[in-house]
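Here's the structure, in structure tokens; my notes come after.
Chain naming here is simple, since letters A, B, ... match the order of the sequence lines and numbering starts at 1 in each.
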Amino acid sequence: MTYADYRDGKPVIITAALTGGVHGKEANPNLPETPAEIGEAAAAAEAAGASIVHLHARRANGERAFATDRFQAVADAVRARTEDVILQHSTGGTGAPDALRAEPLRTDPAPEMASLDMGPLNRYQHLTSENTRGLVADLHAEMQERGIKPELEVFNGGHLNESLAILDDLDEPPYLNLVFGGGTTTIPHPRNLLTLVENLPDGVEFNVLAFGPHQLPLTTMGILLGGHARVGLEDNLYYRKGELAESNAQLVARTASVAEILGRPVATPAEAREILRL
Amino acid sequence: MPCPYLDYRRDDADHEFDTERAYCTAVESFVQPMRADICNDRYDLDHEAHCEFFREAER
């Protein structure tokens with residue numbers, strides 16, 4: 001993906017990260033938590049231009065859940081309410097035992113995509129999500145067995161090293177999600193997005209995820225560089241400074257509008273499947 | 001054993017929820033769902049080792 005892809009008007013894939021597992025309604029009451037709420041949010045996001053929905057599962061009180069049956073309930077609710085959107089299950093899980101991390105891959109049917117965290121990530125003051133190479137390999141192997149395309153979560157430049165090391169094991173095209181924010185994610189600045197993109201080999205498709213106020217500027221820059229965009233309440237609670245986002249769809253609609261203004265059409269789910277060869 | 005500072009509440013001055021949610025009495029605030037797993041010593045998590053709120057409160 002390059003600036004030439006932008007010039008050529010290649011469709012941009014918008015992923016809506018609807019719920020996450022870190023914060024919840026205590027941070028923004030509009031954040032969907034139950035399967036029904038997530039399903040409704042997915043439908044609205046698809047209508048606004050999202051071709052992929054990134055999914056987590058929760059307990060009834062909003063707390064995290066990793067069990068297959070919880071993901072099954074979310075996936076069923078999303079499929080019942082959407083037209084053709086691509087489901088991407090998270091395999092992230094700070095503090096969760098390795099054995100639980102594969103559970104989201106075991107729904108029926110399997111999700112078309114899943115996230116794959118490429119290395120350690122600090123949380124709070126005394127906690128690290130380790131994401132060892134062994135766990136990454138095990139999760140990737142199960143994804144391959146079940147025909148699930150991984151989205152490699154590149155939280156920082158070191159994780160890009162980790163991703164490049166397994167590039168030959170990935171189905172074409174590799175799909176990398178470049179993450180910008182605080183802590184162990186890449187410092188959110190345009191020059192760092194440029195640097196990471198310049199280190200991507202030919203044939204790699206990339207997505208941009210930037211937390212909070214960096215979501216709009218860095219996803220916009222990613223669109224200009226030929227990449228794809230992830231937005232949603234998992235990553236950003238606000239529409240603008242001091243104003244909570246009303247919905248995931250509101251954030252998706254803004255990015256779809258930006259892409260159209262910049263001359264890149266928004267990918268339909270069918271076009272996203274073609275680009276990612278799902 | 002869950003953190004002694006953990007409580008489950010439906011509301012405070014700024015929030016009102018349909019279900020009871022994890023509330024930290026050490027910092028007097030609802031906590032993030034991920035942190036609630038630490039409060040509950042759920043999965044591989046332990047509030048004594050992983051929670052700065054608990055550690056600060058116990059100093």
Side-chain angles (χ1 to χ4, degrees), chain A residues 18-38 56-67 70 90-104 117 121-132 135 183 211 233-235 237 244, chain B:
Chain A
L18 302 174
T19 180
V22 177
H23 51 243
K25 288 186 187 295
E26 81 290 343
N28 183 333
N30 301 317
L31 188 147
E33 293 183 342
T34 67
E37 289 174 344
I38 294 169
H56 291 247
R58 295 172 181 261
R59 297 163 187 253
N61 63 3
E63 293 173 13
R64 301 184 304 169
F66 304 98
R70 292 282 185 171
S90 172
T91 63
T94 301
D98 286 0
L100 272 182
R101 299 282 293 275
E103 293 251 334
D117 293 353
L121 182 65
N122 284 342
R123 299 285 195 184
Y124 306 134
Q125 192 66 22
H126 302 287
L127 186 59
T128 297
S129 184
E130 293 182 345
N131 300 313
T132 63
L135 176 62
F211 290 107
L233 293 172
E234 174 175 348
D235 308 330
L237 296 163
L244 287 173
Chain B
M1 183 179 294
C3 175
Y5 297 100
L6 172 65
D7 192 14
Y8 274 84
R9 300 183 182 181
R10 281 182 183 269
D11 55 46
D12 68 1
D14 301 317
H15 302 84
E16 187 171 346
F17 302 111
D18 293 337
T19 59
E20 292 187 332
R21 298 177 72 103
Y23 184 92
C24 175
T25 60
V27 296
E28 296 185 343
S29 176
F30 285 101
V31 301
Q32 295 181 330
M34 188 165 76
R35 186 180 288 279
D37 287 334
I38 303 175
C39 305
N40 282 287
D41 290 355
R42 196 176 284 144
Y43 310 124
D44 290 337
L45 299 168
D46 171 9
H47 65 274
E48 294 187 10
H50 296 133
C51 182
E52 63 270 28
F53 299 160
F54 174 85
R55 290 162 64 133
E56 181 66 25
E58 292 291 301
R59 269 189 190 172

So which of B/Glu52, B/Met34, B/His50 actually passes side-chain contact (heavy atoms from CB on, under 4.5 Å) with A/Leu127?
B/His50
Of the listed residues (B/Thr19, B/Asp46, B/Asp37), which shares the most heavy-atom pairs with chain A below a 4.5 Å separation?
B/Asp37
Which heavy atom of B/Pro33 sits nearest to which heavy atom of A/Val22, and what is that distance?
CD-O, 3.0 Å
Can you check whether anything in residues 9-16 of chain B gets within less than 4.5 Å of chain A, heavy-atom wise, and list it by number?
B/His15
Smallest heavy-atom separation, B/Tyr43 atom then A/Arg64 atom, equals OH-O, 3.2 Å
Shortest non-hydrogen contact between B/Cys51 and A/His126, atoms and distance:
C-CD2, 4.3 Å
Name the region of A/Ala65, side chain, backbone, both or neither, that has any atom closer than 4.5 Å to a heavy atom of chain B.
backbone
Rounded to the nearest 0.5 Å, what's the gap from CD on A/Gln125 to CD on B/Glu56? Could you check?
10.5 Å
Go through the atoms of B/Arg35 and report whether side chain, backbone, both or neither lie under 4.5 Å from a heavy atom of chain A.
both
Could you look at B/Glu20 and say if it's the side chain, the backbone, both or neither that has a heavy atom under 4.5 Å from chain A?
backbone
Flag side-chain contact, heavy atom, 4.5 Å: A/Glu33 against B/Phe17:
no
Using 0.5 Å steps for rounding, measure from the CD1 atom of B/Ile38 to the CZ atom of A/Arg123.
10.0 Å
May I have all residue pairs that pass salt bridge (charged side-chain N to carboxylate O under 4.0 Å, His left out) and include part of residues 18-29 of chain A, sequence neighbours excluded?
A/Lys25-A/Glu37, A/Glu26-B/Arg21
